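Down below is the structure, laid out as structure tokens.
Quick caveat: nothing in here was measured; it's all calculated off a predicted structure. Letters A, B, ... are given to chains in the order of the sequence lines, protein chains preceding strands, and every chain is numbered from 1.
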Amino acid sequence: MIYIFGGLLLISFIKQKDVILNKKRNLVLFLLLSVCGIALGTVHMISPYIPSIAYSLEGILRTLLVNR
Amino acid sequence: MNEQLSMRQIVFMYLFISLSPVLRQIPTALADESGRSGYLSPFWSVFLILPLASIIILLIKSFPSLNLYEIMVHLIGKVFAKLIITLYLVWIIVFLTAKMNIYSLTLQFTLMPKTRSDFFMQIMLILVFYALLRGSKTIFRFSEFSLGPILLLIGILFACAITRLRTDYLLPVSTINLPSTIKASTSVIAVGGNMIIALFFADKLGISLTKKQVKKFWFGAIFFIIFSFVITVFTFGITGAGLTARLPFPFYITVKSISFFNIFERFEVIVTLICILSDFITICISFIILMKLIQWLFGLEQVWFCFLPLAIIVYYFSYFLSSTQFEFNFLYRYIIVNMNLLFQYIIPFLLGLICLLKRKYIKKQY
């Protein structure tokens, strides 16, 4: 899926290059968001079964309650 | 996206996006928190939902044709406004991602248990993209046209189920149960706060609010409370509070036992469809709000180019946020509900308070 998203990002960039390249801010934001998305995708692809945020928070809360 | 909206459309949108949490999360949360007496909790929410409605009306009336960001800039200055907008950005990303999660979990729980969640999310993102291409007005119109038939359908289901309601599942309720019902009302309040969307689209409401528009807004808030009460009574009365507390989608199970004069049955598919439609509209509106927040935060003229990167972030973040029904239940109960209370009530209440303190100065300006 990450490759499809990568391809779509490229197509999106080409289609909207006038808007994105019009201002430096637009380009920086587009690149920043794209990099964040791709980074999340890469992490998910490398280790798809890492504990979720909800699971980790639940563990932390339980530990805190037990220590009390 | 620069089209005018009516208060009626905003109220219908508020009710439409509240449909799925009312059918799915509220009965479970109320049954879990306060047992058999949980159906009384929607009435306690009146004490927060109605003041919130009055504050939203106050803000819109004090700052006509301005949106939430512009109102905040006038009240607390640009720096604090941007800071709060950043916090809203985090909230809406978590909210949107959780919505994507529960949408796929609902489909897996009800109709397609063997299909993987990524398939549902991909289809949803394609549909949202297509809907957003048509503009926000189309989404508001869709909710405006669909809400009536949906409520009629729920009304018919309720009429069919009246004979199945068991009073021993609902009564007796004593004063000992009242504290727990007050505590449980937070889950109703957290959904009722969705009316804050009016502030995000306040700049499209026109120059002044008429009495008729204000009445519609009040009607929306009161209707939400009555609707949550009816759905909870319906669910508790047929399924029982004990079972409702343990089920991820109790209304679905409740509707399974209903038949129309023993001729038509299996209405649960319709309930799933209603929830999916509500989720779809919620995801669409959350994406619009997310892009608005980015536009305000970075002072952009156009923001549509951000949709695809944001969609990718939301898609992958949903795997990191929660992956099972149990994790989602925890996330909703302890994180989403509290975040909703902060962003839908505490911040608007503070803004309302500042607005009241600065009222004389504001009146001179407008």
Side-chain angles (χ1 to χ4, degrees), chain A, chain B residues 89-90 93-94 97-98 101-102 105 116-119 121-123 125-126 129 133 287 290-291 293-339:
Chain A
M1 199 61 205
I2 189 98
Y3 302 112
I4 295 170
F5 277 137
L8 285 173
L9 277 173
L10 208 67
I11 294 167
S12 173
F13 180 79
I14 293 164
K15 269 203 158 183
Q16 302 191 57
K17 65 173 186 289
D18 294 336
V19 182
I20 296 169
L21 298 174
N22 188 23
K23 278 184 180 174
K24 211 175 174 181
R25 202 183 290 178
N26 292 1
L27 180 68
V28 171
L29 189 66
F30 181 80
L31 288 176
L32 189 78
L33 292 174
S34 304
V35 167
C36 283
I38 294 295
L40 282 173
T42 313
V43 173
H44 176 69
M45 202 171 68
I46 294 166
S47 50
Y49 300 109
I50 56 167
S52 67
I53 295 171
Y55 180 82
S56 309
L57 280 173
E58 200 177 352
I60 293 166
L61 271 180
R62 271 205 189 135
T63 318
L64 285 173
L65 287 172
V66 168
N67 286 344
R68 242 191 212 179
Chain B
L89 196 76
V90 175
I93 287 177
V94 174
T97 313
N101 250 318
I102 191 61
L105 285 170
R116 282 171 53 165
S117 63
D118 50 357
F119 173 75
M121 287 197 278
Q122 285 155 17
I123 295 293
L125 286 176
I126 292 167
F129 174 75
L133 267 183
F287 260 113
L290 180 60
M291 289 200 282
L293 290 170
I294 287 176
Q295 193 172 15
W296 296 337
L297 191 64
F298 297 100
L300 304 175
E301 285 168 12
Q302 282 175 303
V303 78
W304 179 242
F305 65 89
C306 289
F307 175 78
L308 189 65
L310 286 173
I312 297 171
I313 290 175
V314 168
Y315 175 79
Y316 282 116
F317 190 51
S318 65
Y319 291 107
F320 294 106
L321 199 65
S322 70
S323 47
T324 63
Q325 185 72 49
F326 300 110
E327 285 174 12
F328 179 82
N329 289 347
F330 171 82
L331 185 85
Y332 184 81
R333 196 170 164 190
Y334 294 99
I335 311 291
I336 305 282
V337 166
N338 291 323
M339 278 181 111

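In plain terms, the two heavy atoms of A:Leu33 and B:Ile313 that are nearest each other are O-CD1, 3.5 Å. When all heavy atoms are compared, the tightest approach of B:Leu308 to A:Leu9 is CD2-N, 3.4 Å. Heavy atoms only, all atoms of each residue included: B:Phe305 and A:Asn26 are closest at CE1-O, 3.5 Å. In plain terms, the two heavy atoms of A:His44 and B:Phe320 that are nearest each other are N-CZ, 3.8 Å. In terms of heavy atoms, B:Glu327 sits closest to A:Ser52 at OE1-OG, 2.6 Å. In this structure, B:Cys306 and A:Leu29 approach most closely via the heavy-atom pair SG-CD2, 3.6 Å.
Chosen from A:Glu58, A:Arg25, A:Lys23, A:Lys15, the residue pairing most often with chain B at heavy-atom distances under 4.5 Å is A:Glu58. By number of non-hydrogen pairs under 4.5 angstrom with chain B, the leading residue of A:Gly37, A:Pro48, A:Ala39 is A:Gly37. Highest contact tally toward chain B, considering only A:Ile53, A:Ile50, A:Ile20, A:Val43, is held by A:Ile53 [criterion: heavy-atom pairs under 4.5 Å]. For the set B:Phe307, B:Phe317, B:Tyr315, the entry with the most heavy-atom pairs within less than 4.5 Å of chain A is B:Tyr315.
With contacts defined as side-chain heavy-atom distances shorter than 4.5 Å, the pair B:Tyr316/A:Ile2 qualifies. Contact check for A:Leu61 versus B:Phe330: side-chain heavy atoms found under the 4.5 Å cut-off. Put simply, the side chain of B:Tyr334 does not reach to within 4.5 Å of the side chain of A:Leu57, judged on heavy atoms. With a 4.5 Å cut-off on side-chain heavy atoms, A:Met1 and B:Gln122 count as touching.
Only the side chain of B:Ile335 comes within less than 4.5 Å of a heavy atom in chain A; its backbone stays farther off.
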